[in-house]
Amino acid sequence: MNQDWTTLSLLETLSCTFGPSGCEDAVADVIRTHVERYCDEILPDSMGGVIAYVRGDGTPLDGPVCPRRLMFSSHMDEVGFMIRSITEEGLLKISSMCGGDTRVLAGRRVWVGNESSQVQGVFGVKPLHLVKSEDRGQAVELEELYIDIGASTREDAEGVVHVGDYGTFASDFVIFGKDKEYIKGKALDDRVGCAILCSALRQIYAAGLRPACDLYFAFTCREELGISGARTAAYKIDPDFAIVLEATAAGDITGTADYRQVAHLGRGGAVSLMDRSTIYDRPFTDWILKAAEEEQIPCQIKQYVSGGNDAGHIHKSRAGVRCAAVSAPARYIHTASNVVAKRDIESMEQLVMAVIRRLCSKKEGRILRCEIS
């Protein structure tokens with residue numbers, strides 16, 4: 001494999017890879033290929049995740065944060081759906097794996113299939129002129145939607161897809177804006193976190209760093225379903241500290257009240273104090289914020305208590321894990337067109353490396369600063 005990849009080029013590859021919840025094998029293959037030479041071992045994971053292990057040198061740590069085992073976690077899966085039936089006309093009926101917001105589905109191009117092959121289709125719905133006047137302007141029920149893959153009979157459709165196959169959005173990866181500062185693509189929740197962790201592993205290797213404690217980089221499955229592979233990964237790793245890298249809804253758009261604007265693009269990673277599944281460990285969170293301040297790394301506090309992530313599973317593992325979360329603000333999350341800012345990805349990667357530096361022995365190697373290009 002060409003080792004000249006950048007965080008941005010890897011993010012594009014990951015964004016364009018087919019990987020809805022429960023069908024993450026292709027994403028796992030991409031990640032494994034990019035990190036296996038930069039870690040001491042790839043640990044087996046029965047849920048299908050990838051756990052890259054960097055062995056610590058056993059140097060005793062001192063201070064408010066002195067882990068024996070630190071787990072970084074990002075989920076590989078993306079929002080999607082599953083084919084539950086095929087009509088006589090060859091149309092696919094689906095069950096949602098993303099909360100069922102039908103506003104973002106009608107007319108949208110999709111990929112459907114399995115780990116090894118997919119076909120293109122489009123979400124269809126009854127045309128407006130056939131909709132009863134009293135129903136116009138109402139949200140379309142999931143039961144009314146279907147996927148058209150160009151088949152005219154059930155037999156035609158079953159020649160390329162099957163009940164139980166998966167689907168997700170078809171969406172181009174686009175860099176746009178005045179200064180090419182913004183990125184649009186599918187699955188940036190949470191392929192952003194995955195790309196950052198891959199890059200951090202390469203930086204550790206390139207700089208010749210050997211942490212005092214053991215580091216585990218867990219790329220997990222099925223977060224979007226809530227049936228989290230992070231739970232089993234945390235049980236296997238048995239960390240005492242964990243940092244979850246995620247994407248979070250950005251509310252910095254017209255019509256959103258100030259107090260509901262969760263995070264803002266371009267102000268750095270959003271550090272969580274609390275969400276719907278976790279109250280984050282305050283001394284650990286403060287330690288991360290201090291690292292950002294000392295190295296002048298932009299970051300922000302997540303302003304609105306909403307959502308949840310893999311920390312909700314990790315912090316309850318075994319005897320308990322002290323957790324923190326840093327998220328990339330993303331507009332239009334859980335749609336085909338997530339939008340994130342390059343500078344936020346850059347600052348999150350710098351923050352991960354600042355944390356790792358503080359957990360290394362005094363003989364530190366060269367640290368590579370992240371520049372998204």
For the backbone of [Y] and the side chain of [X], can you confirm whether one donor and one acceptor N or O come within less than 3.5 Å of each other?
{"X": "Thr33", "Y": "Asp29", "value": "yes"}
{"X": "Asp172", "Y": "Val174", "value": "no"}
{"X": "Ser117", "Y": "Gly113", "value": "no"}

Would you please classify the geometry between the Trp5 ring and the His34 ring as parallel, tilted or perpendicular, with 30° and 60° separating the classes?
->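 It falls in the perpendicular class, over 60°.
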List in chain and number order the residues that pass side chain to side chain donor-acceptor pair (under 3.5 Å) with [X], two or more places apart in sequence or in another chain; answer none if no residue qualifies.
{"X": "Thr87", "value": "Glu89"}
{"X": "Gln120", "value": "Arg109"}
{"X": "Asp281", "value": "Arg322"}
{"X": "Ser95", "value": "none"}

cation_pi(Arg282, Trp287) dist<6.0 Å, angle<=45 |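 Not satisfied by the 6.0 Å and 45° rule.
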Please list, chain by chain and in numerical order, all residues satisfying ring pair (Phe, Tyr, Trp, His ring centres under 6.0 Å) with [X], sequence neighbours excluded.
{"X": "Phe173", "answer": "none"}
{"X": "Tyr205", "answer": "Tyr38"}
{"X": "Phe241", "answer": "Phe284"}

List for me each residue that meets salt bridge (Lys or Arg N to Asp or Glu O under 4.0 Å) alongside [X], sequence neighbours excluded, and say none if there are none.
{"X": "Glu143", "value": "Arg84"}
{"X": "Glu41", "value": "none"}
{"X": "Asp25", "value": "none"}
{"X": "Asp214", "value": "none"}

Pair up each side-chain donor or acceptor in residues 74-82 with any protein partner under 3.5 Å, not counting sequence neighbours, and list the distances.
{"residue": "Ser74", "atom": "OG", "partner": "Gly193", "partner atom": "O", "Å": "3.3"}
{"residue": "Ser74", "atom": "OG", "partner": "Leu245", "partner atom": "O", "Å": "3.2"}
{"residue": "His75", "atom": "ND1", "partner": "Asp77", "partner atom": "O", "Å": "3.1"}
{"residue": "His75", "atom": "ND1", "partner": "Asp77", "partner atom": "OD1", "Å": "3.0"}
{"residue": "His75", "atom": "NE2", "partner": "Asp189", "partner atom": "OD1", "Å": "3.1"}
{"residue": "His75", "atom": "NE2", "partner": "Glu223", "partner atom": "OE1", "Å": "3.2"}
{"residue": "His75", "atom": "NE2", "partner": "Glu246", "partner atom": "OE1", "Å": "3.4"}
{"residue": "His75", "atom": "NE2", "partner": "Glu246", "partner atom": "OE2", "Å": "3.2"}
{"residue": "Asp77", "atom": "OD1", "partner": "Arg222", "partner atom": "N", "Å": "3.4"}
{"residue": "Asp77", "atom": "OD1", "partner": "Glu223", "partner atom": "N", "Å": "3.2"}
{"residue": "Asp77", "atom": "OD2", "partner": "Ser21", "partner atom": "OG", "Å": "2.6"}
{"residue": "Asp77", "atom": "OD2", "partner": "Glu223", "partner atom": "N", "Å": "3.0"}
{"residue": "Asp77", "atom": "OD2", "partner": "Glu224", "partner atom": "N", "Å": "2.9"}
{"residue": "Glu78", "atom": "OE1", "partner": "Thr168", "partner atom": "OG1", "Å": "2.8"}
{"residue": "Glu78", "atom": "OE1", "partner": "Lys186", "partner atom": "NZ", "Å": "3.1"}
{"residue": "Glu78", "atom": "OE2", "partner": "Gly19", "partner atom": "N", "Å": "3.0"}
{"residue": "Glu78", "atom": "OE2", "partner": "Lys186", "partner atom": "NZ", "Å": "3.0"}
{"residue": "Glu78", "atom": "OE2", "partner": "Arg191", "partner atom": "NH2", "Å": "3.0"}

Is there a side-chain contact between [X] and [Y] in this structure, where contact means two heavy atoms from C-beta onward sitting under 4.5 Å apart?
{"X": "Ile356", "Y": "Leu359", "result": "no"}
{"X": "Leu10", "Y": "Val30", "result": "yes"}
{"X": "Asp344", "Y": "Leu265", "result": "yes"}

